[in-house]
Amino acid sequence: MDNKKSSKKRIAFAALRVLAFVLAFFLVINALSATYFAKDRTEKYSDTKYYYASVYKSEKQDSIQVGFFGNSDLYSGVIPLSLFYQYGITSTVCASPRQDVNDSYWYIKDFLSDQTPDVIVIESDMFFTGSAGDFYKKGTEKSSGLPSVPFFNDNSLDNYIESTFPIFRFHDRWKEYLKPIKSFYNSYMHGYYYNDKVYSNVKESSYMYETDLAEPIATDYISYAKSVKSLCDSYGVELMFLEIATPASWSYARHNSVQALADELDIPFLDLNFPYKDFEIDLENDYRDNGNHVNYYGAKKVSEYVGCFIKENYELEDLRENPDYASWYEDIDKMYEEYNISEKNRLTAASVKDN
């Protein structure tokens with residue numbers, strides 16, 4: 001009898017030790033994530049891929065009308081300062097290399113905790129991975145695999161954990177955090193990545209030849225796109241899709257799938273890969289890497305057209321004469337000075353006509 005009692009005590013004591021260890025581990029992880037590895041601290045290092053995705057944290061609260069979310073195509077292609085200069089729209093870009101819609105959902109959720117935007121824009125290139133030509137090479141059949149179940153067989157659990165406990169995202173960078181913390185060094189760009197390099201071998205735009213085929217979007221991406229729509233609806237925010245002209249990664253089959261999803265969600269989809277009367281990308285001079293990312297000259301055209309589309313389709317207040325936003329003009333001057341932008345290449349008055 002005593003042996004049984006002794007055995008139960010040992011088991012209970014062992015269980016308490018395990019519970020105490022788990023609790024202590026959780027408290028340490030939570031404390032480090034809230035202090036030493038806090039997102040506001042760790043994401044400010046310019047050599048992390050999360051830097052441009054996090055510049056929105058430096059925006060004044062409730063000052064942004066339009067939030068842009070996507071991958072590197074977006075931070076290369078949209079200049080928030082252009083939207084302000086030409087249309088009086090305040091905006092910010094939240095983009096990172098290979099960001100997908102699962103990531104964007106968590107960024108948008110965090111963004112909406114500080115901002116009250118009128119419009120959220122999703123750059124649709126992140127609905128797909130790999131080359132646009134792979135779909136045609138492999139044929140139209142594609143196994144859908146298991147149904148997407150959040151927190152089970154997609155990456156939402158990883159995103160949730162890393163968003164809640166950033167130590168798991170930044171744990172291997174502890175040496176960097178010994179340095180003094182600095183604010184975002186170029187927050188005046190509002191998430192835009194400036195690059196005026198001209199390099200492209202793209203000669204013509206046959207990549208958009210018409211087809212009825214539709215390249216499938218991964219089921220978890222569709223699920224998260226719907227979650228983004230529900231999130232925006234709950235905040236009274238409009239949602240739209242945007243595709244920047246990217247010959248290296250886009251196709252008509254991809255357009256068809258995104259258009260179908262946009263129709264299902266009852267939202268606009270602006271695809272700049274189609275030749276518009278007042279929007280013409282120079283395939284030889286407006287890219288910095290063979291048609292994958294537009295350079296500054298291409299971004300000016302993209303921003304002008306996107307700004308016009310937003311202005312004409314959403315009721316946004318023109319803030320150019322509002323003294324509370326005078327700093328945006330100072331930001332424009334900083335961009336000119338920082339990148340030595342000549343007079344002829346500076347932002348110009350809007351000239352896009354009606355669509």
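In this chain, numbering begins with 1 at the start of the sequence shown.
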task = State which residues pass salt bridge (Lys or Arg N to Asp or Glu O under 4.0 Å) with Lys300; sequence neighbours excluded, sorted by chain then number.
result =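 Partners of Lys300 by the salt bridge (Lys or Arg N to Asp or Glu O under 4.0 Å) criterion come out as none, since no residue qualifies.
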Compare every heavy atom of [Y] with every heavy atom of [X], then report the nearest pair and how far apart it is.
{"X": "Ser124", "Y": "Glu243", "result": "OG-OE1, 3.0 Å"}
{"X": "Ser303", "Y": "Gly77", "result": "OG-O, 3.6 Å"}
{"X": "Asn295", "Y": "Asn285", "result": "ND2-O, 3.0 Å"}
{"X": "Ile64", "Y": "Thr90", "result": "CA-OG1, 3.5 Å"}
{"X": "Tyr297", "Y": "Asp286", "result": "CB-OD1, 3.7 Å"}
{"X": "Asp110", "Y": "Lys57", "result": "OD2-NZ, 2.9 Å"}

Donor-acceptor pair, [X] side chain versus [Y] backbone, under 3.5 Å?
{"X": "Lys311", "Y": "Leu316", "value": "yes"}
{"X": "Asn256", "Y": "Thr211", "value": "yes"}
{"X": "Ser223", "Y": "Thr219", "value": "no"}
{"X": "Thr92", "Y": "Gly67", "value": "no"}
{"X": "Ser234", "Y": "Leu231", "value": "yes"}
{"X": "Glu284", "Y": "Ser200", "value": "no"}

Minimum side-chain heavy-atom gap [X]-[Y] below 4.5 Å:
{"X": "Val119", "Y": "Met240", "result": "yes"}
{"X": "Ile281", "Y": "Tyr287", "result": "yes"}
{"X": "Gln99", "Y": "Glu123", "result": "no"}
{"X": "Leu242", "Y": "Leu272", "result": "yes"}
{"X": "Leu283", "Y": "Pro247", "result": "yes"}
{"X": "Gln115", "Y": "Ser63", "result": "yes"}
{"X": "Val228", "Y": "Leu239", "result": "yes"}
{"X": "Ser251", "Y": "Tyr209", "result": "no"}

query = Would Tyr329 and Phe84 count as a close aromatic pair, with their ring centres under 6.0 Å?
reply =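 Close enough - the centres of the two rings lie under 6.0 Å apart.
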query = Would the Phe69 and Phe111 ring centres measure less than 6.0 Å apart?
reply =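 When the ring centroids of Phe69 and Phe111 are compared, they turn out to be within the sub-6.0 Å range.
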inquiry  = Against His255, only a single residue in Phe241, Trp250, Phe269 fulfils ring pair (Phe, Tyr, Trp, His ring centres under 6.0 Å); can you say which?
reply    = Phe269
request  = Take Asp125 and Leu74, measure what side chain to side chain contact (heavy atoms under 4.5 Å, CB included) needs, and give me the verdict at the end.
outcome  = CA-CA 9 Å; Asp125 186 74; Leu74 190 59; over 6 Å; no
ask   = Are Ile222 and Phe127 close enough, and set up right, to give a side chain to side chain contact (heavy atoms under 4.5 Å, CB included), and what steps lead you there?
value = CA-CA 8 Å; Ile222 293 176; Phe127 285 124; over 6 Å; no
message = As a quick check of understanding, evaluate side chain to side chain contact (heavy atoms under 4.5 Å, CB included) for Ile79 and Leu83, giving each step before the final call.
response = CA-CA 7 Å; Ile79 310 173; Leu83 271 66; 5.9 Å; no
ask   = Side-chain donor-acceptor pair under 3.5 Å between Asp220 and Asn102, yes or no?
value = yes
query = Just by distance, with hydrogens left out, do His190 and Ser91 show a side-chain donor and acceptor under 3.5 Å apart?
reply = no
More than 12 non-hydrogen atoms from neighbouring residues, nucleotides or ligands closer than 6.0 Å to [atom1] on [X], yes or no?
{"X": "Phe274", "atom1": "CZ", "answer": "yes"}
{"X": "Asp62", "atom1": "CG", "answer": "yes"}
{"X": "Asp324", "atom1": "CG", "answer": "yes"}

task = In sequence, state the C-alpha distance, the side-chain angles, and the governing distance for Tyr75 and Phe68, and then conclude on ring pair (Phe, Tyr, Trp, His ring centres under 6.0 Å).
result = CA-CA 9 Å; Tyr75 68 48; Phe68 291 89; over 10 Å; no
query = Would Arg98 and Asp103 pass as an ion pair if we require N to O under 4.0 Å?
reply = no
ask   = Would you call Lys301-Glu280 a salt bridge at under 4.0 Å N-O?
value = no
message = Using 0.5 Å steps for rounding, measure from the CD1 atom of Ile244 to the OG1 atom of Thr246.
response =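 The distance works out to 8.0 Å.
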query = Does NZ or CZ of Arg346 fall inside the cone over Tyr336's six-membered ring, less than 6.0 Å from its centre and within 45° of the axis?
reply = yes
ask   = Can you list the steps and then say if Tyr296 with Ile341 is a side chain to side chain contact (heavy atoms under 4.5 Å, CB included)?
value = CA-CA 10 Å; Tyr296 171 69; Ile341 299 175; 4.0 Å; yes
